[in-house]
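Accompanying notes for the structure given below.
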Amino acid sequence: DYKRMEAYFNLSEALARKGEYSQAAEEMVKVIAENEGDAAAHSNLALFYEETGNVTDAMKEWAKVVEIGTDAELKAQAQAHLDKMKIYQD
């Protein structure tokens, strides 16, 4: 339901502002469980994973944004993150 998803999203954002990225990621996963097609939620989750050093999952989430996103700017940001992360992995 939308209200529950919005609550998870807001909680996730609040946790991230406090620097609690692992907990923020847990809440954002709940948002995505409610709406798999939410590219913004995948983008936020990717950022939270980056902040915790979880490169593998961050790359999966960025790739998902590129795949499902409809906003050109968000997709370009996701692709830039992917490209940067691939360089560091090589």
State which residues pass side-chain hydrogen bond (donor to acceptor under 3.5 Å, both in side chains) with [X]; sequence neighbours excluded, sorted by chain then number.
X: Glu6; answer: none
X: Lys60; answer: none
X: Glu51; answer: none
X: Asp57; answer: Asn54

Please, which pairs that meet side chain to side chain donor-acceptor pair (under 3.5 Å) have at least one residue in residues 8-23, sequence neighbours excluded?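 The answer is Glu13-Asn44.
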
Please list all pairs meeting salt bridge (Lys or Arg N to Asp or Glu O under 4.0 Å) that have one or both residues in residues 70-85, counting only residues at least two apart or in different chains.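 Of all non-adjacent pairs touching residues 70-85, none passes salt bridge (Lys or Arg N to Asp or Glu O under 4.0 Å).
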
If Ile, Leu, Val, Met, Phe, Trp and Tyr residues are connected whenever their side-chain heavy atoms lie under 4.5 Å apart, and connections chain through other members, are Ile68 and Val66 in the same group?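 Result: no, two separate clusters.
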
Joint hydrophobic cluster, Phe9 plus Tyr49, side-chain heavy atoms closer than 4.5 Å: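 Yes, because Phe9 and Tyr49 connect within a single hydrophobic cluster, where side-chain heavy atoms sit under 4.5 Å apart.
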
Quick one: closest heavy-atom pair of [X] and [Y], and the distance?
X: Ala46; Y: Glu61; value: CB-CB, 3.6 Å
X: Ala39; Y: Gly69; value: CB-CA, 3.8 Å
X: Ala16; Y: Phe48; value: CB-CE2, 3.3 Å

Candidates Glu67, Glu50, His42 - the one meeting side-chain hydrogen bond (donor to acceptor under 3.5 Å, both in side chains) with Trp62: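 Exactly one option meets the side-chain hydrogen bond (donor to acceptor under 3.5 Å, both in side chains) with Trp62, and it is Glu50.
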
A side-chain contact here means heavy atoms from C-beta on lying under 4.5 Å apart; do His81 and Leu47 qualify?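 Yes, their side chains come closer than 4.5 Å.
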
What distance do Tyr2 atom OH and Asn35 atom CG have between them, rounded to the nearest 0.5 Å?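 Rounded to the nearest 0.5 Å, the OH-CG separation comes to 10.0 Å.
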
Between Lys30 and Leu11, does the side-chain contact (heavy atoms from CB on, under 4.5 Å) criterion hold? Intermediate values first, please. CA-CA 11 Å; Lys30 293 176 185 176; Leu11 177 56; over 6 Å; no

